[in-house]
Amino acid sequence: MPEKIAGVSSTALERWDGTARTVASATVTAGRIELADGRVRVRVLRAPSLVATMSATEGGEVRYQPALIEVSGDGIATKRLSAAGATAEFTLAPDRHAMEAGLLGSGLGDLGSGVWVRAVSVRPRRCRCRTSPACRR
């Protein structure tokens with residue numbers, strides 16, 4: 001059974017080195033996701049995080065840490081994805097045992113036989129506030 005997947009975000013006003021700054025953060029919590037009737041397993045080993053801060057006197061900063069995701073399954077070499085935009089590609093063949101036994105289809109559900117699967121993560125956009133040294137690049 002898949003674990004719960006949820007988005008978590010917060011905003012705050014905090015004091016930092018004698019000045020006030022706003023802080024916004026966001027992440028996604030997830031544990032394990034199964035695809036193609038459990039033949040493909042995706043585990044979130046480290047959740048992604050995005051933190052943006054802004055101060056009227058000190059400027060702003062955006063920090064992004066991509067998720068660490070593990071993709072595995074029967075006949076699929078385990079691969080860890082740790083960079084934004086990283087992908088894992090593999091082909092799922094029909095389940096011969098299910099087909100030979102005359103069970104429902106290929107074991108791929110609605111995907112069909114010989115389906116090609118590509119897991120893609122979202123690429124973060126660059127900060128454009130131009131006030132912090134990290135954003136001026």
Side-chain angles (χ1 to χ4, degrees):
M1 169 158 291
E3 295 177 12
K4 183 178 177 181
I5 300 172
V8 180
S9 63
S10 67
T11 56
L13 183 61
E14 63 182 38
R15 191 170 221 35
W16 182 263
D17 288 339
T19 63
R21 70 178 184 172
T22 56
V23 179
S25 65
T27 189
V28 175
T29 61
R32 180 189 52 176
I33 303 163
E34 292 183 352
L35 305 171
D37 292 331
R39 294 176 60 196
V40 179
R41 292 177 292 283
V42 178
R43 290 190 323 146
V44 179
L45 304 175
R46 181 186 67 228
S49 69
L50 176 65
V51 178
T53 61
M54 181 57 97
S55 165
T57 58
E58 301 295 320
E61 179 182 29
V62 176
R63 293 184 314 273
Y64 175 73
Q65 179 181 11
L68 175 58
I69 298 173
E70 182 180 83
V71 180
S72 64
D74 299 332
I76 299 170
T78 300
K79 184 171 182 182
R80 287 192 174 184
L81 309 174
S82 60
T87 62
E89 298 177 1
F90 48 88
T91 300
L92 294 177
D95 183 345
R96 285 193 195 130
H97 298 295
M99 289 174 59
E100 289 170 0
L103 300 176
L104 301 173
S106 63
L108 297 175
D110 294 335
L111 294 176
S113 114
V115 69
W116 176 74
V117 179
R118 182 175 185 187
V120 180
S121 63
V122 176
R123 294 175 189 231
R125 293 190 136 212
R126 267 199 134 124
C127 175
R128 297 183 186 194
C129 73
R130 305 258 187 245
T131 58
S132 85
C135 296
R136 288 187 211 133
R137 290 186 221 142

(request) Might you point out which heavy atoms bring Thr57 and Thr19 nearest each other, and give the distance in Å? (result) OG1-CG2, 3.6 Å
(request) Under the side chain to side chain contact (heavy atoms under 4.5 Å, CB included) rule, what do Ile5 and Val28 come out as? Steps first, then yes or no, please. (result) CA-CA 7 Å; Ile5 300 172; Val28 175; 4.1 Å; yes
(request) Of all the heavy-atom pairs spanning Ser55 and Arg21, show the shortest one and how long it is. (result) CB-CB, 3.9 Å
(message) Just verifying a value: how many Å separate Thr22 OG1 and Met54 CE, rounded to the nearest 0.5 Å?
(response) 7.0 Å
(request) Of all the heavy-atom pairs spanning Arg41 and Gly73, show the shortest one and how long it is. (result) NH2-CA, 3.4 Å
(request) Using the test side-chain contact (heavy atoms from CB on, under 4.5 Å), find all partners of Ser82 that sit at least two apart in sequence or belong to another chain. (result) Leu68
(request) Establish whether Ile76 and Leu81 are linked, either directly or via other cluster members, by ILVMFWY side-chain heavy-atom contacts under 4.5 Å. (result) yes
(request) Identify the heavy atoms of Val62 and Ala52 that sit nearest to each other, and give their distance. (result) CG2-CB, 4.2 Å
(message) Let me confirm one number: the CD1-CZ distance from Ile69 to Arg80, rounded to the nearest 0.5 Å.
(response) 12.0 Å
(request) Indicate yes or no for a side-chain donor-acceptor contact from Lys79 to the backbone of Thr87 under 3.5 Å, with no hydrogens or angles considered. (result) yes
(message) Using the rule that Ile, Leu, Val, Met, Phe, Trp and Tyr join whenever any side-chain heavy atoms are under 4.5 Å apart, tell me whether Val71 and Ile33 fall into a single cluster.
(response) yes
(message) Could you report the tightest heavy-atom contact between Ala20 and Leu13, atom names first, then the distance?
(response) CB-CD1, 4.2 Å
(message) Between Ser10 and Ser25, is there a side-chain donor-acceptor contact under 3.5 Å, judged purely by atom types and distance?
(response) yes
(request) Write down the atom of Glu70, the atom of Thr78, and the distance for their closest heavy-atom approach. (result) CG-CG2, 3.6 Å
